[in-house]
Amino acid sequence: MIAIEQIKIKQIKWSPLFQNEIQEIYRMLKDQEHKIFDLSWYNMDGNIMNYIEDRIKEDLVFIVTYDGEVCAFFILENPRIFNDVITRVDVHTAVRKKYWGKTSRDIMNAFKDYIFNKYKIKKIIAQVPQNGYGVIKLLKDIGFKHEGTLKQSLIFLNKNNQPKYYDELIYSLTNEEI
């Protein structure tokens, strides 16, 4: 088990100073590609590196380190802003496999505290495939609530490497203090 105070979170920039962190994000995405990610999402921008670069240039990428190792990342996407409040924002994340389980809850809770302290965010939205049982449990464990289902809106490769449609579940975390 890791101590939450040892988890470090920082926003990254598209610069040579963050090249190692950017490569780690890319590796985590590639490692979990087709297991967690919808194929249509992956092909949207042409490739994963373009997607990462675009989000970093928008100041929407955060890395999480523990003991000097990148253990997770968060990408905020499509923020909707009214005055000084982000009324809603989508979140994409990946946690390195060795940190799954209770440690991933600690990482997610640390990020939740970080993001709510740094920004005025009313609602964080996570969209997950119906077959992402571990992710769904994690979201529920840290306070996300199921708000809806988009029937057959995701496509993944099944065990026979054939495309298969899945429902997309929408979970949110609402900051009741805003």
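For the numbers below, each heavy atom of this structure counts, side chains included, while hydrogens, waters and symmetry mates do not.
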Under the 3.5 angstrom rule, does the side chain of [X] hit a backbone N or O of [Y] as a donor-acceptor pair?
X    : Y    : answer
N83  : V85  : no
D167 : Q152 : yes
T174 : K123 : no

Please report the C-alpha distance between E168 and K151 in whole Å, then the side-chain angles of each, then the deciding distance to 0.1 Å, and finally whether the salt bridge (charged side-chain N to carboxylate O under 4.0 Å, His left out) criterion is met.
CA-CA 6 Å; E168 182 173 19; K151 295 292 192 181; over 6 Å; no
Holding to side chain to side chain donor-acceptor pair (under 3.5 Å), I want the full list of residues that pass it with K13, two or more places apart in sequence or in another chain.
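So K13 forms a side chain to side chain donor-acceptor pair (under 3.5 Å) with D59.
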Give the minimum heavy-atom separation between Q11 and Y119, together with the two atoms involved.
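Scanning both residues completely, I find the closest heavy atoms to be NE2-OH, 3.5 Å.
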Nearest heavy-atom neighbours spanning L60 and P79:
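Closest approach of L60 to P79, heavy atoms only: CD1-CD, 4.3 Å.
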Can you check side-chain contact (heavy atoms from CB on, under 4.5 Å) on I63 and I9, steps first, answer last?
CA-CA 6 Å; I63 58 163; I9 300 169; over 6 Å; no
Should [X] and [Y] count as side-chain neighbours, where that means a heavy-atom distance under 4.5 Å?
X    : Y    : result
E177 : K120 : no
V70  : V64  : no
C71  : V95  : no
K140 : K145 : no

Establish whether [X] and [Y] are linked, either directly or via other cluster members, by ILVMFWY side-chain heavy-atom contacts under 4.5 Å.
X    : Y    : value
I81  : F62  : yes
Y171 : I142 : yes
I178 : I124 : no
F116 : V91  : yes
W100 : V128 : yes

Between F111 and F74, what is the ring plane arrangement, given parallel below 30°, perpendicular above 60°, and tilted in between?
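Parallel, since the angle between the ring planes stays under 30°.
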In Å, rounded to the nearest 0.5 Å, how long is the span from [atom1] of [X] to [atom2] of [Y]?
X    : Y    : atom1 : atom2 : answer
S104 : Y99  : OG    : OH    : 12.0 Å
K112 : N175 : NZ    : CG    : 10.0 Å
I121 : I86  : CD1   : CD1   : 4.5 Å
S172 : K122 : OG    : NZ    : 10.5 Å
K102 : L138 : NZ    : CG    : 11.5 Å
L139 : I170 : CG    : CD1   : 12.5 Å

K164: which residues meet the side-chain contact (heavy atoms from CB on, under 4.5 Å) condition with it, sequence neighbours left out?
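Once residues adjacent in sequence are excluded, the partners of K164 under the side-chain contact (heavy atoms from CB on, under 4.5 Å) criterion are N158, Y166.
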Could you please spell out the steps behind the side-chain contact (heavy atoms from CB on, under 4.5 Å) verdict for I12 and I56?
CA-CA 7 Å; I12 64 172; I56 290 172; 3.8 Å; yes
When you look at R105 and M108, which way does the side-chain contact (heavy atoms from CB on, under 4.5 Å) test go after all the steps?
CA-CA 5 Å; R105 282 190 297 282; M108 294 289 287; 5.7 Å; no
If you apply the rule side-chain contact (heavy atoms from CB on, under 4.5 Å), what do you find for V89 with I125, and how did you get there?
CA-CA 6 Å; V89 66; I125 308 290; over 6 Å; no
